[in-house]
Engineer: 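What follows is a single structure, and I will ask about it in a moment.
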Amino acid sequence: MLIETHCHLDYLKAFPLDEIRTKIKEAGITKVVTIGVDPGNLDKVLELASTYPEIYFTQGIHPHDAKDATEVEFEKIRTRASHPKMVAVGEIGLDYHYNNSPPEAQRLAFEKQLQLAVDADLPVVIHTRDADEDTMAIIKNFSPHLKKKGVIHSFTSTKELAEFVLSEGFYIGFNGIITFKKAENVQEVVKLTPPERILLETDSPFLTPVPHRGKENGPYFLPFIAQKVADLKGMNIDVLKQFAYENSLKCFSKLA
Ligand SMILES: [Zn+2]
């Protein structure tokens, strides 16, 4: 059994949702977390989770959209935090690679939503790219108050950042990136991450894993990521899947 911990069902176009749900089932995936970050799609994501038993959701302002975030979106996140299927606040964080929003606006939105997660006693889903130093400083401030911690998703950073977030009690989410040829750095991070701290995700429709490059990614490709993690760690695939499954329930306790 597998749990897809990070995808964007509201962005998938290759198949109708019913077909995607069938393919998910056939891939042995029993629960799916769809990440609500598009400010225009926060309601749609909530609706998906309210309609389908296997779908859970999050709400957050992505660092890309930090500059446009208004109190309306923050209030949505705040009021929905008590929804039985809203498993986390996210994805939130810093992206200094694209800097679609000015860094200062990104930091403010990140901190505001971390506080919101503290108040709601929810874990967080963190996106961080080319912003290790500020990410570590901000996590350090909030981590003592954040009882449920969370995950650094789509991990692409350094060993140092990995070791830091692990020491702070966070999980690390790996996706199709680890199947890419030029991903030695992230593959090294897979090797150093203890099996009890690994989450599996596709981040679909982005980052399609090998051997399906060129197609739209979907949660149903999660088994390829599980297999790659097992190979990198020299673990039996079923043992790895069991770890990842239990980690998902521990990280996002509303999934249990
Ligand atoms: Zn994502």
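Whatever order the structure lists them in is the order used to number ligands and atoms, beginning at 1. It should be emphasised that the depicted structure is a prediction, and the values quoted were computed from it without experimental measurement. Note: hydrogens, waters and symmetry copies are ignored here, and every other heavy atom, side chains too, is used.
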Engineer: Say whether N175 and T202, considering side chains only, have a donor N or O and an acceptor N or O under 3.5 Å apart.
Structural biologist: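 Note: N175 and T202 side chains miss the donor-acceptor criterion.
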
Engineer: Looking at the Zn ion (ligand 1), is one of the N, O or S atoms of H62 less than 2.8 Å from it?
Structural biologist: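 Within the cut-off used here (under 2.8 Å), H62 places no N, O or S atom near the Zn ion (ligand 1).
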
Engineer: Can you tell me if E133 has over 12 outside heavy atoms packed within less than 6.0 Å of its CD?
Structural biologist: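 Incorrect, the count does not exceed 12.
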
Engineer: Tell me, please, if H8 has any N/O/S atom, main chain or side chain, under 2.8 Å from the Zn ion (ligand 1)?
Structural biologist: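 Given the 2.8 Å cut-off, H8 counts as a ligand of the Zn ion (ligand 1).
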
Engineer: Which distance, rounded to the nearest 0.5 Å, do you find between the CG of D95 and the CD of E91?
Structural biologist: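 These two atoms lie 9.5 Å from each other.
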
Engineer: Which atom name does D203 have for its N/O/S atom nearest to the Zn ion (ligand 1)?
Structural biologist: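 Nearest to the Zn ion (ligand 1) within D203's N, O and S set: OD1.
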
Engineer: For the Zn ion (ligand 1), find the closest N/O/S atom on E91 and give its atom name.
Structural biologist: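 Going by distance to the Zn ion (ligand 1), the closest N, O or S atom in E91 is OE2.
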
Engineer: Which label fits Y11 and H8: parallel for a plane angle under 30°, tilted from 30 to 60°, or perpendicular past 60°?
Structural biologist: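 Because their plane-to-plane angle is under 30°, the rings of Y11 and H8 count as parallel.
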
